[in-house]
Amino acid sequence: KYFMKNIGVIGATGNMGSAITRSLFETNSINIFSRNTEKLEELASELSSENIVVAEDIKDLLDASDIVILALPYNEEQKLANEIKESVAGKIVISISNPLSEDYSDLVTGWDTSSAEQLQATLSESHVIKAFNTIFASRINDPVINGIQIDHFFAGNDENALNEVKGLISSINHNPILVGTLEQSRLLERMAFLNIKLSAQEMFQWNSAFKLLS
């Protein structure tokens, strides 16, 4: 059985942040924050739910949340990590970022690390989980394609945190697939990079998703 959680979404007005917020707010208490205060108020007004709380600042959001989703680009995620590391000690922090180069030609992290591993190194007392990064924003709330439920890959080091996130993923009708420890997030970020590259080449319409079949 799934139980309501206190979730904070930082970057809630971006494409991914708003899609994640829409997917979770009916079954969770969601604290949302964005520097675009106008769009933030518009999102809260649109959803019009007592489960949505607009945080005045990041500290208020962190204090009220047990799970924190950083719906931010790679560079902003890494920068914010240094500012919040004490506030998120002991909490689950979900990294959704893909560390793309400016021209989308490669990942700036190379092959020997990942954005999630770098985040965990900074947030040493938190439980960093890689999730949502292989799902386009257009598919978060539309997870069934031709009758087939999309797969949602995730990775992390802490068993309890992984179980919490697995439940979260299942609750939005995605099929959760644990790929292993946080080191495996290198693969997930490369998977996302492949999908992005193919969509940029107009092979898809930014609405494709992964499904493992056997």
Let me confirm one number: the [atom1]-[atom2] distance from [X] to [Y], rounded to the nearest 0.5 Å.
{"X": "Ile52", "Y": "Glu46", "atom1": "CD1", "atom2": "CD", "result": "10.0 Å"}
{"X": "Asp57", "Y": "Asp63", "atom1": "CG", "atom2": "CG", "result": "8.5 Å"}
{"X": "Asn28", "Y": "Asn6", "atom1": "CG", "atom2": "CG", "result": "8.5 Å"}

Practice item. Kindly state each residue pair satisfying ring pair (Phe, Tyr, Trp, His ring centres under 6.0 Å) with at least one member in residues 89-134, sequence neighbours excluded. Key: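 Those involving residues 89-134 are Phe132-His152.
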Practice item. Write out all pairs satisfying ring pair (Phe, Tyr, Trp, His ring centres under 6.0 Å) with one or both partners inside residues 183-214, taking only residues at least two apart or from two chains. Key: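 Of all non-adjacent pairs touching residues 183-214, those that pass ring pair (Phe, Tyr, Trp, His ring centres under 6.0 Å) are Phe136-Trp206.
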Review point. Under a 4.5 Å cut-off applied to non-hydrogen side-chain atoms, are Val144 and Ile150 in contact?
Key: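 When only atoms from C-beta onward are counted, Ile150 and Val144 do not touch, as no gap falls below 4.5 Å.
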Practice item. Classify the side-chain pair Asp103/Ser105 by whether it contains a donor and acceptor separated by less than 3.5 Å. Key: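 Yes, a side-chain donor-acceptor pair sits under 3.5 Å.
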Check your understanding: If you measure only the distance, is there a donor-acceptor pair under 3.5 Å linking the side chains of Ser18 and Lys39?
Key ->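 No donor-acceptor contact under 3.5 Å links the two side chains.
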Check your understanding: Is it true that Ile96 and Leu72 fall in one hydrophobic cluster, defined by side-chain heavy atoms closer than 4.5 Å?
Key ->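 Different hydrophobic clusters.
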Spell out, as yes or no, whether a donor-acceptor pair under 3.5 Å connects the side chain of [X] to the backbone of [Y].
{"X": "Ser65", "Y": "Gly8", "value": "yes"}
{"X": "Lys91", "Y": "Leu62", "value": "yes"}
{"X": "Arg139", "Y": "Ser208", "value": "no"}

Exercise for review: State which residues pass side-chain contact (heavy atoms from CB on, under 4.5 Å) with Lys211; sequence neighbours excluded, sorted by chain then number.
Suggested key: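 Lys211 satisfies side-chain contact (heavy atoms from CB on, under 4.5 Å) with Ile148, Asp151, Asn175, Leu213 once adjacent residues are dropped.
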Check your understanding: Should Glu117 and Arg186 count as an ion pair when the cut-off is N to O under 4.0 Å?
Key ->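 Salt bridge present between Glu117 and Arg186.
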